[in-house]
Amino acid sequence: MPGKSCACVGGVVLAIVNAVAPAQVVSLESLLEELNDRAVLTRMPDPAYTCRQFSSYDRNATAPGDDSWFANADAGHFLRTEKRHGRDEYVMMDASGPGAIVRIWSANPKGTLRIYIDENPIPVIEGKMGKLLDAGGLAPAPLAGVRSRGYNLYLPIPYARRCVVTSDEPGFYYQINYRTYEPGTIVASLSSATLVQASRQLRDAAGKLLASDWANGVQPVWDAVIAAGAHWEKQLDRGGRAIEGMVIQLDQPENWDRALRSLVLEIEFDGNVTVWAPVGDFFGSGIGLNALSDRMRQVSADGTLACGWIMPYRSSATIRLHNFGSEDLSCAVGVRTIPYRWDDRAMYFHATWREQRDIPTRPMRDWNYVTIDGTGVLVGDTLTVTNPVEQWWGEGDEKIYVDGESFPSHFGTGTEDYYGYAWCCPEPFQSPLHAQVRCDGHAYNNNYGTTTVTRLRSLDAIPFQRSLRFDMELWHWADTRISQSAATYFYARPGARCNVQPDPAAASKAPPAAPVLPPPLVIEGAAEGETLEVIAASEGLNYGPQGGFGLYTWSRGQHLWVRATRPGDFIELRVPSGEPKAEHLYARLTRSWDYAIISISVNGQVVVDEVDTFNSDAREVTTQRVNLGTHKPQDGGFVVRFEVIGSHERSEPPGTYFGIDCIEREP
């Protein structure tokens with residue numbers, strides 16, 4: 001490996017590595033170096049910083065325990081609206097420096113994004129929000145990109161004194177994670193010239209994120225046959241070191257789901273157990289063997305599990321594998337260690353795992369990942385949910401309290417938003433810092449079954465001096481029961497304690513499985529909206545299939561969801577005709593709480609001047625049947641155009657969406 005020297009002693013590969021030294025000046029360049037420096041996470045930050053979040057969470061949520069604590073209208077909320085150059089700009093962020101933006105996410109970016117730095121009235125960054133948050137806008141992939149409908153930007157944006165972020169259109173979801181450094185920290189503010197000058201470094205940083213060079217040379221060297229109910233262990237006696245890489249290679253168990261849950265990794269550093277988690281959850285695979293390749297972990301189809309967390313210890317480390325299952329398991333294990341200088345900023349690596357089964361979804365609640373007392377840094381987590389119905393389980397927001405806060409400094413807009421995707425999308429995705437590695441839902445049962453999502457934190461790691469509490473709202477559309485587990489990763493100074501303890505009883509059980517769902521509603525002979533050919537649409541219009549709101553809401557469990565952003569947005573669909581004769585057409589349209597007033601045309605003629613698709617019943621999704629009249633087919637079909645003409649006065653932001661379940665034809 002470039003820049004490293006290695007030797008093998010007693011089955012442990014030894015290496016010497018130089019971590020990036022703390023920068024004298026925080027800059028785009030230094031932050032890009034830090035982004036890929038795994039060793040920097042092992043020490044309390046220098047210079048010190050706090051990490052917080054601005055978001056569009058529902059401002060009706062004002063206090064834990066209040067009736068509106070689980071308010072869910074999470075779009076279109078801003079700090080204020082201000083006039084700039086004669087236009088309204090909606091302020092998402094206003095923070096005093098020295099600091100840096102480290103992550104921006106949106107489900108439906110709208111308008112022109114402008115980032116103002118250090119009181120300069122001219123924005124350093126200005127452009128269409130959707131393009132800037134996608135790959136190639138401000139940064140190459142994977143520093144930017146759309147993943148399962150979520151827009152993500154991990155470009156660090158440093159500022160010396162102040163940063164204000166706005167858009168000139170309202171009605172969208174957003175999250176902005178940012179650092180605030182301790183007073184006196186010197187920060188070189190981002191400029192347009194800096195971005196141009198750093199283009200090569202941006203490409204290099206993006207390439208390093210995709211690389212897994214830490215896995216090179218980490219080979220399984222110890223064979224372990226672990227009988228059911230037994231354990232295997234290996235002690236690393238040589239002190240002043242850190243585990244830099246670890247690999248566990250399982251030898252084809254009978255049941256992957258059961259094996260990866262019942263085989264538990266335990267690591268003891270200097271006499272204290274700080275890692276205890278099933279290997280499936282620890283390595284980000286969740287329930288079952290699900291391929292993953294990110295900044296810290298690799299899971300391969302052959303059963304090889306590897307991680308690159310750097311785990312320091314002063315005198316000794318002991319690695320144990322417990323088999324809490326009923327099947328004997330064979331595996332091979334290997335680690336690589338490096339010299340590590342322990343000081344008053346050094347920290348131990350921790351990984352906790354908590355599972356709860358058959359959780360009632362009513363009343364709604366905050367579900368705790370972990371609560372930590374001590375000093376440290378939160379660096380990631382993996383969530384696995386088993387959902388027995390097809391309705392969406394993850395409407396809940398993350399709420400992270402740092403150092404005894406009474407109100408969380410991280411208050412999100414949805415579980416999937418926290419993990420960097422959007423709209424309860426069931427499409428798996430892979431990225432160095434976040435992923436959806438398993439999602440059983442598809443077609444009509446979008447969110448049924450088991451889902452595993454994971455997020456790693458680098459520049460958006462969250463330091464804490466006294467305590468950290470990490471909750472996620474359990475906000476499900478259905479009154480049902482779900483099972484879920486969370487592995488949480490953090491570094492902490494000696495003496496830190498947390499509320500999550502080893503749970504052999506939970507690991508010894510077979511993983512939860514969802515029951516078989518009944519088939520969805522089917523309107524025979526209907527042309528399904530989600531399958532119709534789109535022949536025209538307004539520029540930049542987002543649309544696609546959506547399910548997850550009940551098996552009997554839409555025909556075949558889905559509709560065509562059109563995420564329009566303004567009046568005048570339209571989509572034209574081609575509906576094939578059954579015969580050359582005239583046919584009577586009906587459109588089944590979705591009604592929801594943030595939906596638009598639309599007009600409908602057939603073959604170029606307006607047939608419905610306006611139809612209001614807003615649903616006055618709070619948080620209910622229904623359909624309505626709209627008569628489109630009798631028409632003769634043209635060229636073997638009908639062109640049906642749906643266009644936004646306005647919004648109901650009570651429609652929640654953005655108030656411009658609509659959905660097409662199907663088109664029915666009658667002779």
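The figures here come from the full heavy-atom set of this structure, side chains too, leaving out hydrogens, waters and symmetry mates.
By the 6.0 Å and 45° rule, R147 does not stack over the aromatic ring of Y421. A cation-pi arrangement is absent between R365 and W367 under the rule of less than 6.0 angstrom and at most 45 degrees off the ring axis.
Centroid-to-centroid, the aromatic rings of W353 and F283 stay 6.0 Å apart or farther. When ring centroids are compared, W393 and W475 stay outside the 6.0 Å threshold. Taking the six-membered ring for Trp, Y174 and W105 have ring centres at least 6.0 Å apart. In this structure, the ring of H434 has its center less than 6.0 angstrom from the ring center of F429.
When all heavy atoms of I226 and C331 are compared, the pair lying nearest together is CD1-SG, 4.2 Å.
For Y369, the side chain to side chain donor-acceptor pair (under 3.5 Å) test picks out Y419, with sequence neighbours left out. The side chain to side chain donor-acceptor pair (under 3.5 Å) check on S458 picks up nothing, with sequence neighbours excluded. With sequence neighbours left out, D503 forms a side chain to side chain donor-acceptor pair (under 3.5 Å) with no residue at all.
Q430 CD: more than 12 foreign heavy atoms inside a 6.0 Å radius.
Of the candidates Y313, Y491, Y340, F490, Y491 is the only one forming a ring-ring contact (aromatic ring centres under 6.0 Å, His included) with F349. Of the options N177, I104, L143, a side-chain contact (heavy atoms from CB on, under 4.5 Å) to Y154 is made by L143 and by none of the others. Across Y348, Y489, W214, a single residue satisfies ring-ring contact (aromatic ring centres under 6.0 Å, His included) together with W309, and that is Y489. The one candidate from Y543, W554, F549 that meets the ring-ring contact (aromatic ring centres under 6.0 Å, His included) condition with H559 is W554.
Side-chain contact of Q175 with T413: a donor-acceptor pair under 3.5 Å is present, judged by distance alone. T480 and T361 form no side-chain donor-acceptor contact under 3.5 Å, judged by distance and modelled atom types alone.
Remark: D74 CG to S55 OG distance equals 7.0 Å, nearest 0.5 Å.
At a threshold of 4.5 Å between non-hydrogen side-chain atoms, the residues L35 and L209 count as touching.
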